[in-house]
Amino acid sequence: QVMLEESGGGLVQPGGSLRLSCVASGRLVSYVGMDWYRQVPGKEREWVAVITAGGATRYADFVKGRFTISSDAVNTLFLQMNDLKPEDTAVYYCHDRRGYWGQGTQVTVSS
């Protein structure tokens with residue numbers, strides 16, 4: 001069983017930064033592909049970024065150049081979010097590609 005717990009969300013002004021963390025218990029992060037997704041109420045969950053087991057990263061076009069996904073190769077996944085925009089407001093979820101989800105952390109970008 002894998003448990004994922006996100007943290008680091010909060011309220012930030014436009015142009016600000018946040019760093020999300022996702023701690024995985026029961027499995028080494030480095031041996032699976034991990035993603036970040038986000039969801040706004042009433043909309044489908046959308047994919048944000050992935051880091052593969054080999055360390056390769058890919059990003060959705062709407063976050064390219066602003067967000068960075070990384071891991072500590074032990075049990076924690078990160079999402080560094082810079083130059084945040086109001087449209088980045090959402091609940092952010094980490095996802096283990098073997099089918100596990102965290103409970104989400106709220107990010108609100110507002111002045």
* With L18, the side-chain contact (heavy atoms from CB on, under 4.5 Å) member among V12, D88, L79 ->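 Only one of V12, D88, L79 forms a side-chain contact (heavy atoms from CB on, under 4.5 Å) with L18, namely V12.
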Using side-chain heavy atoms (C-beta onward) and a distance below 4.5 Å, is [X] in contact with [Y]?
X	Y	result
V40	E46	no
S7	T105	no
L77	I69	yes
V23	L4	no
V107	V109	yes

* Asked: Any chance the side chains of R38 and Y92 put a donor and an acceptor closer than 3.5 Å?
  ->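 Y92 and R38 do have a side-chain donor-acceptor pair below 3.5 Å.
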* **Parallel, tilted or perpendicular, as decided by the 30° and 60° cut-offs, for the rings of Y93 and W101** =>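 It falls in the perpendicular class, over 60°.
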* Looking only at non-hydrogen atoms, find the nearest pair between Y59 and K64 and report the distance. =>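 Residues Y59 and K64, closest heavy atoms: O-CE, 3.5 Å.
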* To do: Could you list the residues that satisfy salt bridge (charged side-chain N to carboxylate O under 4.0 Å, His left out) with R58, not counting sequence neighbours?
  =>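 Salt bridge (charged side-chain N to carboxylate O under 4.0 Å, His left out) check on R58 returns nothing, list empty.
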Rounded to the nearest 0.5 Å, how far apart are [atom1] of [X] and [atom2] of [Y]?
X	Y	atom1	atom2	result
R45	Y37	CZ	OH	9.0 Å
C94	Y100	SG	OH	13.5 Å
T76	M34	OG1	CE	9.5 Å
S70	R19	OG	CZ	6.0 Å
S21	F78	OG	CZ	5.0 Å

* To do: Begin from the C-alpha positions of R97 and V50 and carry the test side chain to side chain contact (heavy atoms under 4.5 Å, CB included) through to its verdict.
  => CA-CA 10 Å; R97 288 198 163 192; V50 62; 3.3 Å; yes
* Report the C-alpha separation of E5 and Q103 in whole Å, then their side-chain angles, then the decisive distance to 0.1 Å, and conclude whether the side chain to side chain contact (heavy atoms under 4.5 Å, CB included) test is met. => CA-CA 7 Å; E5 184 171 2; Q103 82 291 346; 4.2 Å; yes
* **Test side-chain contact (heavy atoms from CB on, under 4.5 Å) applied to T108 - qualifying residues, sequence neighbours left out** =>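 Partners of T108 under the side-chain contact (heavy atoms from CB on, under 4.5 Å) test: L11, T89, Q106, S110.
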Distance-only donor-acceptor pairs under 3.5 Å for side chains of residues 80-87, two or more places apart:
residue, atom, partner, partner atom, Å
Q80, NE2, N82, OD1, 2.9
N82, OD1, S17, OG, 2.9

